[in-house]
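Structure first, commentary second.
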Amino acid sequence: MQDTLLTGKQDVASGDMARCISIETARQEAITEAVAVLSRGLPVAVPTETVYGLAADATDPAAITRIYETKGRPRFNPLICHMADLQMAERYAVFDPVSRRLAERFWPGPLTLVLPLKPESGIHPLATAGLDTVGVRVPQGFAGDLIRAFGHPLAAPSANSSGKISPTTARHVLDDLGGRIELVLDGGPCRVGVESTIVRVEPDRLRLLRPGGIAVDALEEASGLPVERPAGAGAAIEAPGMLASHYAPNAAMQLEARRIAPGDALIRFAGVSVEGEDDARLVLDLSPRGDLAEAAANLFDYMKKADASGAAHIAVTPVPNRGLGEAINDRLKRAAAPRES
Ligand code: TXA
Ligand code: MG
């Protein structure tokens with residue numbers, strides 16, 4: 001792949017492509033090189049089980065600033081801080097008993113807990129956008145090992161330009177940010193494919209800030225508390241990043257489609273057919289066997305493929321709203337929402 005070598009300078013000259021290292025064939029090199037780049041205060045694209053993250057030292061204001069600049073992300077939108085394990089997380093955030101139970105049950109995994117930040121924790125206010133809470137998550141697999149090797153929490157939003165579709169392969173990252181960062185670690189396609197579920201524990205309920213890779217019923221079952229869902233797009237933004245329009249493809253999205261116009265792209269679920277599909281530009285099935293986990297894993301890649309086909313519209317057939325379907329429908333609705341800018 002790209003063979004631009006790290007040059008030791010502080011910034012990547014524009015036009016240089018990021019170097020890409022496979023964690024499958026060169027795991028130790030990936031960790032060593034990533035720690036070196038992170039230590040210079042620069043972000044690295046890292047695979048997690050949900051989506052690829054653009055990771056940088058959560059205690060270093062210059063490093064965090066580079067994340068916001070690289071993504072073009074609004075600074076009122078706080079970043080999730082990734083930890084190696086629960087013990088590390090407890091150094092930075094205050095855990096109530098229910099949050100600890102959820103952490104023990106679902107970490108490492110696609111759950112982000114919003115918790116009070118410990119005073120003097122060292123996490124820089126730029127990472128939390130000045131809030132007195134912090135979104136904390138322990139990712140599975142390689143990313144956890146990298147954090148352990150680096151020794152500091154990693155602030156990591158999804159590794160895409162702000163407002164665009166999140167990346168689930170190294171290729172997605174290179175196509176979008178490859179000219180703006182030094183290093184992409186390639187872990188293959190992400191297993192879960194949608195971002196983590198974000199919750200805040202309150203005395204008598206869990207407040208769902210973003211549906212994601214852990215289904216809501218699993219949280220209810222593990223906590224014994226009811227989950228209160230967000231009031232919907234247009235309501236006050238509780239997870240500041242939950243702008244109504246997000247994950248925006250260039251094509252217009254048509255949800256709950258029953259027919260499709262010639263030349264448009266179709267994304268279907270479980271083999272459902274629609275009127276006019278024979279004249280579609282492209283037909284993709286999120287999961288022919290109707291499996292919502294498989295559909296989540298394919299979602300962003302298929303949205304990107306449908307968009308790249310040049311179709312003016314992307315029609316999507318209904319996806320059941322149970323289990324991971326809730327996160328899938330959330331992302332589809334945001335992709336279809338009127339653009340804010
Ligand atoms: O799966 C994931 O969570 C991925 C991978 C890379 O770990 N990360 C991710 O980050 O999706 P990002 O930045 O795209 O989304 C973070 C969300 C935003 O909606 C942000 O507003 C919310 O988390 N968030 C972060 N800290 C928060 C806090 N203290 N209170 C409320 N919401 C918070
Ligand atoms: Mg994102």
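By convention here, the first residue in the shown sequence is residue 1. Order of appearance sets the numbers: ligands from 1, and atoms from 1 within every ligand. In this text, all values refer to a predicted model and were calculated from it rather than measured experimentally.
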*Run the numbers for me: atoms of ligand 1, each under 4.0 Å from some heavy atom of Ala156, listed by number.*
6 (C), 8 (N), 10 (O)
*If you measure from each non-hydrogen atom of Thr133 to ligand 1, which part falls under 4.0 Å: side chain, backbone, both or neither?*
both
*For the Mg ion (ligand 2), does an N/O/S atom of Asn160 lie at less than 2.8 Å?*
no
_Any nitrogen or oxygen of His82, side chain or backbone, less than 3.5 Å from one on ligand 1?_
yes
*Is Arg101 paired with Glu221 through a side-chain N to carboxylate O contact shorter than 4.0 Å?*
no
_I'd like to know whether ligand 1 has Pro139 as a neighbour, heavy-atom separation below 4.0 Å._
no
_Heavy-atom nearest neighbour of atom 6 (C) of ligand 1 within options Gly53, Ser162, Gly130_ = Gly53
_Can you tell me which portion of Asn77 lies within the under-4.0 Å heavy-atom range of ligand 1? Options are side chain, backbone, both, or neither._
side chain
*Please answer whether the main-chain N or O of Gly212 pairs with a side-chain N or O of Thr197 as donor and acceptor at a distance below 3.5 Å.*
yes
*Should the pair Tyr247 and Phe300 be assigned to parallel (<30°), tilted (30 to 60°) or perpendicular (>60°) ring geometry?*
parallel
*Between Arg207 and Glu228, does at least one N-O distance fall below 4.0 Å, as a salt bridge requires?*
yes
_Salt bridge Glu90-Arg100, side-chain N to carboxylate O under 4.0 Å_ = yes
*Mind checking whether Thr50 has an N or O less than 3.5 Å away from an N or O of ligand 1?*
yes
_Glu195-ligand 1 polar pair, N/O distance under 3.5 Å_ = no
*Under 4.0 Å from a heavy atom of Ile198: give me the atoms of ligand 1 that qualify, with their elements.*
17 (C), 22 (C), 23 (O)
*Give yes if a backbone or side-chain nitrogen or oxygen of Ser196 is under 3.5 Å from a nitrogen or oxygen of ligand 1, and no if not.*
yes
*Below 4.0 angstrom, N of the basic side chain to O of the carboxylate: do Arg289 and Glu294 qualify?*
yes
*Is the closest basic N to carboxylate O distance between Glu69 and Arg180 below 4.0 Å?*
no
*Arg200 and ligand 1 - part of the residue with a heavy-atom distance under 4.0 Å*: neither
*Examine ligand 1 and decide if any of its atoms is less than 4.0 Å from a heavy atom belonging to Arg73.*
yes
*Identify whether the distance between the nearest side-chain nitrogen and carboxylate oxygen of Asp217 and Arg322 falls below 4.0 Å.*
no
*Give the single entry among Leu115, Leu131, Asp132 that approaches atom 28 (C) of ligand 1 most closely by any heavy atom.*
Leu131
*asked:* A side-chain contact here means heavy atoms from C-beta on lying under 4.5 Å apart; do Thr48 and Arg137 qualify?
replied: yes
